[in-house]
There are 2 protein chains.
Amino acid sequence: MTRRIELQVHSEEERERRDAAANRALLLETAERLFTEQGVEPVTMAEIAQVAGVGKGTLYRRFAHKGELCLALLDNQLLAFQDSQLDELRQLHEREVPYLEQLAHFLRAVVAFTEQHMPLLCEIAQYTPVPDGEDLERPHSWQYMTVHGLIRRAQNAGELAPDVDAPFLAEALLAPLVAHTYRFQRERLGFTPERVSEGLSRIVQDLAAAS
Amino acid sequence: MTRRIELQVHSEEERERRDAAANRALLLETAERLFTEQGVEPVTMAEIAQVAGVGKGTLYRRFAHKGELCLALLDNQLLAFQDSQLDELRQLHEREVPYLEQLAHFLRAVVAFTEQHMPLLCEIAQYTPVPDGEDLERPHSWQYMTVHGLIRRAQNAGELAPDVDAPFLAEALLAPLVAHTYRFQRERLGFTPERVSEGLSRIVQDLAAAS
DNA sequence: ATACCAAGTGGACTTCAGTCCGTTTTTCTG
DNA sequence: CAGAAAAACGGACTGAAGTCCACTTGGTAT
């Protein structure tokens, strides 16, 4: 046998060596602890490596930059969020709740998620070298697809005019929830999460009413 | 006479020394040239100082960081933009164009401005240390006040339901025009400026229709 | 004119992100 | 179990932002 055929769709990158896997876990634990103690932003990559007792090279071999590390830390919670949302949307769908109402519900959940993970999300956005980005926007990307999907279904169901630009509308509804923009609203404008949720719901409602 | 009373409302910070003013101008010219030649992002502060033939300390005394330098470079054009917009809005108002239409017009103008100055605006956003920000958001701040004002007038004129959260709506309409968010739409989603303008106008229209 | 001093200046220095590469460890193969 | 290839490791190094401070200079008061 020359090479095992890749069967799994996801994360089949021919497994890390044992020491590598151990270090990945160690680094994630260390980072999480330091973040809890000092907050995300002030902790440096060098500090994480040092406290974990490995060289910087090792740290950077696992995580190309601080953003990737933060994303890894968020990964489990992101998966959980996605699962719970898919589930809730399915339930709403079974109860034949209109798509635009599902959308409002989903946006509310995204607000909560953003609120909860603001520091990590800001850091992820910060350390994403412009042209790269691909997977760093993963949280946003999934949210975008979901919102876009709900909008299109709403259009198909006649809840929303079919000539509305669904991709743009999806982006516009999520734009206030981009980490830095959201933080600005929270910290400088003094908006509460509820206020943001309500505001977005209202926009969605009015879009429906206009159709 | 002990101290001249400050009469001017703006920029009365007791004037720079002649050499300082000369260096400010020199640095702005140099930065502008380098930005034109190489683009904004790859030019370093050290390079600007070096090419201008001054020490880094001098550069940083004038401009606390790259964001401030970029903002200074944008300042004239920002003033021109504000003037032209105030003028246009005044004209629209005289022709008794509805406020929400004025708003759509203004948002279109902001899209154009953002489009034109994207590199500088991104850099300004990048180098704004979190807690600071005050004047770095000046472009956004003025846009925000204008949009907010138009929304409230629309409400007073009965064009828009009075229970809409005007401050939030202003922020939500401008959120897609925050530099990084806008760039994402342009470069990764492939939206054209027209598409963004149209999309925002449509939202504004539908808000009106729903009231 | 002189002398004083706040403002301005230059560049070495610190800090942090991220890279590089010679050395060590794991794992695979016979 | 030995030997070799691949992967991982560590920490010195680079590059850029931003700070610091001893020194100089332009405005002002005498």
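Below, chain A is the first sequence line, B the second, and so on; all start at residue 1.
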To the nearest Å, how far apart are [X] [atom1] and [N] [atom2]?
| X | N | atom1 | atom2 | result |
| --- | --- | --- | --- | --- |
| A:Lys56 | D:dT14 | NZ | C1' | 10 Å |
| B:Leu59 | D:dG18 | CG | P | 10 Å |
| B:Arg15 | C:dG8 | CZ | P | 11 Å |
| A:Gln50 | D:dA12 | CD | P | 12 Å |
| A:Lys66 | C:dG18 | NZ | P | 9 Å |
| A:His65 | C:dT19 | NE2 | P | 9 Å |
| B:Glu123 | D:dA17 | CD | C1' | 12 Å |
| B:Ile48 | C:dG10 | CD1 | P | 15 Å |

Quick check: closest heavy atoms across [X] and [Y], and the distance to 0.1 Å?
| X | Y | answer |
| --- | --- | --- |
| A:Leu207 | A:Leu160 | O-CD1, 3.7 Å |
| B:Leu150 | B:Gln102 | CD2-OE1, 3.7 Å |
| B:Tyr182 | B:Met118 | CD2-SD, 3.8 Å |

**Study point:** B:Arg62 side chain, from C-beta outward: closest of C:dT9, D:dA12, D:dA17
**Key:**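 Shortest atom-to-atom distance from the side chain points to C:dT9.
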Exercise for review: Using a 4.0 Å heavy-atom cut-off across all strands, classify B:Thr58 as base, sugar-phosphate, or nothing.
Suggested key: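 Touches a base.
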Check your understanding: Hey, are the side chains of B:Val178 and A:Phe184 touching, using non-hydrogen atoms and a 4.5 Å cut-off?
Key ->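 A side-chain contact is absent here, since even the closest heavy-atom pair is not under 4.5 Å.
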**Study point:** Nearest-nucleotide comparison on DNA chain C, the residue closer to the 5′ end among A:Val43 and A:Arg61
**Key:** A:Val43
Revision key, fill the gap. Assert: residue with more 5' nearest nucleotide on DNA chain C, out of A:Gly57 and A:Met45, is A:Met45
Are there any protein N/O atoms within less than 3.5 Å of an N/O atom in nucleotides 3-6 of chain D, and if so, which ones and at what distance?
none

Please tabulate, for side-chain N and O atoms in residues 43-60 of chain A, each donor-acceptor pair with protein atoms closer than 3.5 Å (sequence neighbours left out).
{"unit_1": "A:Thr44", "atom_1": "OG1", "unit_2": "A:Glu47", "atom_2": "N", "d": "3.0"}
{"unit_1": "A:Glu47", "atom_1": "OE2", "unit_2": "A:Gln38", "atom_2": "NE2", "d": "2.9"}

Point to revise | Between NE2 on residue B:His65 and CD on residue B:Glu123, distance to nearest 0.5 Å | key: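 Going from the NE2 atom of B:His65 to the CD atom of B:Glu123 covers 12.0 Å.
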Practice item. Please step through salt bridge (Lys or Arg N to Asp or Glu O under 4.0 Å) for the pair A:Asp165 and B:Arg195, ending with a clear verdict. Key: CA-CA 9 Å; A:Asp165 184 344; B:Arg195 189 167 175 192; 2.6 Å; yes
Point to revise | Salt-bridge contact A:Arg33-A:Glu37 (side-chain N to carboxylate O under 4.0 Å) | key: yes
Review point. Which parts of residues 18-28 of chain A get close to DNA chain D, meaning a heavy atom less than 4.0 angstrom away?
Key: A:Asp19, A:Ala20, A:Asn23
**Study point:** Residues A:Leu28, A:Leu69; criterion side-chain contact (heavy atoms from CB on, under 4.5 Å); working and verdict
**Key:** CA-CA 8 Å; A:Leu28 284 174; A:Leu69 173 59; 3.8 Å; yes
